[in-house]
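Remarks on the structure that follows.
In what follows, chains carry the letters A, B, and so on, assigned in the order in which the sequence lines appear, proteins first and then strands, with residues in each chain numbered from 1.
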Protein chains: 2
Amino acid sequence: MQYFRTRIIIVEDNKTVREGFALIINSISKYFVVNTYDNCEDAIKNVKKDKPDIVLMDLELPGISGIEGIGEIKKIMPNVLVLVNTIYENSDLVFQALCAGASGYITKNSNHSELLEGIEEVLQGGAPMSSKIAKMVVTSFQKNPNSPLSNRETEVLELLAKGKSYSMIAKELFITKETAKSHIKNIYSKLQVNSKSEAIAKATQDKLI
Amino acid sequence: MQYFRTRIIIVEDNKTVREGFALIINSISKYFVVNTYDNCEDAIKNVKKDKPDIVLMDLELPGISGIEGIGEIKKIMPNVLVLVNTIYENSDLVFQALCAGASGYITKNSNHSELLEGIEEVLQGGAPMSSKIAKMVVTSFQKNPNSPLSNRETEVLELLAKGKSYSMIAKELFITKETAKSHIKNIYSKLQVNSKSEAIAKATQDKLI
DNA sequence: ATATACATCCCCTGAATAGGGGATGTATCG
DNA sequence: CGATACATCCCCTATTCAGGGGATGTATAT
């Protein structure tokens, strides 16, 4: 019987929350909380033994952060599904967690059913997120509409960011190398930078390309 | 009264679907379907007059594509919210639509209530997506776990992609310029490329960085 | 009419890069 | 004990880049 249950571990430093989650999850017969931890280190140490299908992960933890913890756990068991459960909704943490390998990101004001729905959605191959986080994620695909760069300059900068040389840029845009250089000079002046790497860094940060 | 309603336009080439959507949406008193179009060109032409809050957009259209249409409409009215409604769920289209400025992406097998929920979620500043699409989007943040590159090589390639020079890479990684070059040579050989721009292109495509 | 932005092209010089060639030492893995 | 991957360092030469200086023509604003 137990072999067919979804194995879940919980990493959460607050005892009350941790035990509450375990109770809620264990109340569903197809789920089975293998273990709970109040820090990442112990979870990482035992993940091979625990063989979880899902890790329910807090981010604000003593010792190594939840973000790093996700990476470590995914390194050991790449197929484990990590569902982040935290109070934080600021964009850096969300993207860091997703980049580290999280499959979903729900927040702690979720009620019991949202937690269980999140787990179920992760299991079904989905990516549960709050509405606000979904919006942040979608917005991250979109360019800054207030770019100071002209269309042509943006084209040049995109090619530069792809590692193209001046002459390759010139060839692709059917202009001379000198024109490409002129555009780049203007880009540098508009972005107030004076090197290629600074320009790419600023453009990436400000989502100009 | 009408002034307080959410103004919606529908771009959809199938007459039955188009009129069906209009009926469903107009059945909610706070929504108001200003106009419907069977192609993007007309929608773009009239968007200034229509002043929509939301555009419900099909992607498979005669004439210019829905993707381009999103871009054009957002260029004219940057604050309009575009909700894509299509049968296609393949990743390229999804990402193209999001990059072009879509705020949500729902699929046509959605029932009426999903359509209305999508509209409401977009209005509330969210980003409605199907579970499958949310997963695609989240996965797009994650690196390829089967990278052929070593950790060091990945670091070097990341800096290269940021436009850093060999000497800057060397300085940042506390190695000599020659070592950095060696890593780059090895990267080129592993990725079967022979230039910086090809390496960056391949790495980006395969999500190695 | 007069700026201002945009896109295009030219020249110069010193420094950096690309793409070859090789070498060494340390792990790790059969 | 080899073989292999990894990370480190050295040399060489043609090409390219950065950053400076200008110039021209066309739109678009003001």
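One atom, CZ of A/F174, and another, P of C/dC9, lie 12 Å apart when rounded to the nearest Å. Taking atom CE on A/M168 and atom C1' on D/dC17, their separation rounds to 14 Å, with Å as the unit. Taking atom CG of B/L160 as the reference point, atom C1' of C/dT17 lies 10 Å away to the nearest angstrom. Residue A/K181 contributes atom NZ, which lies 8 Å from atom C1' of D/dG19 at whole-angstrom precision.
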For nucleotides 25-30 of chain D, give me one character per nucleotide, 5' to 3': B if any protein heavy atom sits under 4.0 Å from the base, S if the only such contacts are to the sugar-phosphate, - if neither. ------
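For residues 170-180 of chain B, the side-chain hydrogen bond (donor to acceptor under 3.5 Å, both in side chains) pairs, not counting sequence neighbours, are B/K164-B/E172, B/T176-B/T179. Residue pairs meeting the salt bridge (Lys or Arg N to Asp or Glu O under 4.0 Å) criterion with at least one partner in residues 131-152 of chain A, sequence neighbours excluded, are A/E89-A/K132, A/K143-A/E158, A/R152-A/E155.
With a 4.5 Å cut-off on side-chain heavy atoms, A/V137 and B/F141 count as touching. Using a 4.5 Å cut-off on side-chain heavy atoms (C-beta onward), A/V84 and A/I70 make contact.
Not one N or O on the side chain of A/K190 forms a donor-acceptor pair closer than 3.5 Å with the backbone of A/L149. Although no hydrogens or angles enter the test, the distance criterion places no donor-acceptor pair under 3.5 Å between the side chain of B/N46 and the main chain of B/K49.
For A/K108, the salt bridge (charged side-chain N to carboxylate O under 4.0 Å, His left out) partners two or more places apart in sequence, or in a different chain, are A/E12, A/D58, A/E60. Taking the side-chain contact (heavy atoms from CB on, under 4.5 Å) definition, one finds that B/K202 meets it with B/L191, B/V193, B/D206, sequence neighbours left out. Applying the side-chain contact (heavy atoms from CB on, under 4.5 Å) rule to B/N186 yields the partners B/E153; only residues at least two apart in sequence or on another chain are considered. Annotation: salt bridge (charged side-chain N to carboxylate O under 4.0 Å, His left out) contacts of A/D13 (sequence neighbours excluded): none. Legend: residues meeting side-chain contact (heavy atoms from CB on, under 4.5 Å) with B/T36, ordered by chain and number and at least two apart, are B/I10, B/R18, B/A22, B/V33. B/E120 meets the side-chain contact (heavy atoms from CB on, under 4.5 Å) test with B/K30, B/Y31, B/L123, B/Q124; sequence neighbours excluded.
A/E198 and A/S195 are linked by a side-chain donor-acceptor pair at a separation below 3.5 angstrom, with hydrogens and angles left out of the test.
Of the residues in residues 192-209 of chain B, none has a non-hydrogen atom less than 4.0 angstrom from any atom of DNA chain D. For DNA chain D, the residues of residues 182-191 of chain B within the heavy-atom distance limit of 4.0 Å (strictly under) are B/S182, B/H183, B/K190, sorted by number. Near DNA chain D, meaning a heavy atom under 4.0 Å from it, residues 146-157 of chain B has B/S150, B/R152 in order of number.
Under 4.0 angstrom from either OP1 or OP2 of C/dT17 there lies at least one side-chain N or O belonging to B/S167. For the OP1/OP2 pair of C/dA16 and a distance below 4.0 Å, the side-chain nitrogens and oxygens of B/S165 include no atom meeting the criterion.
Here the side chain of A/I175 is nearest to one of C/dT17, C/dT8, D/dT16, namely C/dT8.
At a threshold of 4.0 angstrom between heavy atoms, the contacts of B/T179 include nucleobase atoms, whether or not backbone atoms are also involved.
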